[in-house]
Amino acid sequence: MEKKLEVARYYDETSRRYERRYAEIQNKKYRILLAHSPRGRKVLDLGCGTGMLLRRIKGDHELVVGIDISLGMLRKARKEVPDVPLILADADHLPFGDECFDAVFSVTVLQNLPDPLSALREVVRVTKPGGRVLVSTLKRKHSKERVREWVKELGLREDEILEREDVEDVLLIATRTIEDRIK
Amino acid sequence: MPKRTISRELLNILACPVCKKDLKLKKNELICTGCSNRYPIVDGIPYLLPPELMPEKYRRGKRARSRR
């Protein structure tokens, strides 16, 4: 819990300069993941930060929701995307029912979490069978092999795990299968 | 800053972060229909955190108030 509060405080403090500093590198990751995003009806952005991704996808879906543990980030996001619902929430305790979303994004978030697998279990729970899981984590924290272990553990179908020279993240594109519904 | 209401569509998919039961909207709070936990909506942002991560002034048992 202390780690989570520390992360929230850090992002509260950096929310103002975050976008200026990271827009370009984050946008590169979004482009890669968005190529695999379904034209689904409901989409979640877990760790939405200042709303950079929300701004790009809000017109493409029936409902787009952003959540973050940092209130500072959410306040900034609200100015960017005033029409997108934003929620203060924790990745290990997602405030959604089972099988709600057609796609869940979480870009450059897992490396900050004390237990990424626990958060991913929640992601899988709220994703519809057949829905897409589009996540990334910093390479320097988690290897491609580690990400593949998570995918196996969660019973997801691996569509692609990308590790590119020009991107600082490992990017995962996966699908929730029908089978893991009964797990 | 305008207050936002929570759309029905959003409310339909929201759940208690602790017990995952449905939430009902009552004034400026979301209340769990299972465990009765209360979650404030502050400046239009629902605080759907488990009690251990909830800011002190909004902890369980205390009525949520709007931030001034």
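The sequence lines fix the lettering, A, B, ..., with proteins before strands; numbering per chain opens at 1.
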Pairwise side-chain contact, A:L88 with B:V42, heavy-atom cut-off 4.5 Å (strictly under): no
Distance, nearest 0.5 Å, that separates CG of B:L53 from CG of A:D92: 9.0 Å
Min side-chain heavy-atom separation A:H93-B:L49 under 4.5 Å: no
Flag side-chain contact, heavy atom, 4.5 Å: B:P50 against A:D90: yes
Single-linkage hydrophobic cluster, 4.5 Å side-chain cutoff, A:I173 and A:L138 together: no
Close side-chain approach of A:R41 and B:E9, heavy atoms under 4.5 Å: no
Closest heavy-atom pair and its distance - B:A15, A:G97: CB-N, 3.5 Å
Neighbours of chain B found in residues 53-64 of chain A - heavy atoms under 4.5 Å: A:E62, A:L63
Single-linkage hydrophobic cluster B:L25~B:I31, side-chain heavy atoms < 4.5 angstrom: no
Shortest non-hydrogen separation from B:K20 to A:F96 and the atoms involved: CD-O, 4.5 Å
NZ (B:K21) with more than 12 external heavy atoms under 6.0 Å: no
Other residues, nucleotides, ligands: >12 heavy atoms within 6.0 Å of B:K24 NZ: no
Which of A:R125, A:K4, A:E122 touches chain B most, by non-hydrogen pairs under 4.5 Å: A:R125
Residue list, side chain to side chain donor-acceptor pair (under 3.5 Å) with A:D45, at least two apart or on another chain: none
Which portion of B:P46 sits near chain A, non-hydrogen atoms under 4.5 angstrom: both
Shared hydrophobic cluster for A:L33 and A:I161 (ILVMFWY, side-chain gaps under 4.5 Å): yes
Side chain / backbone / both / neither for A:I69 at chain B, heavy atoms under 4.5 Å: side chain
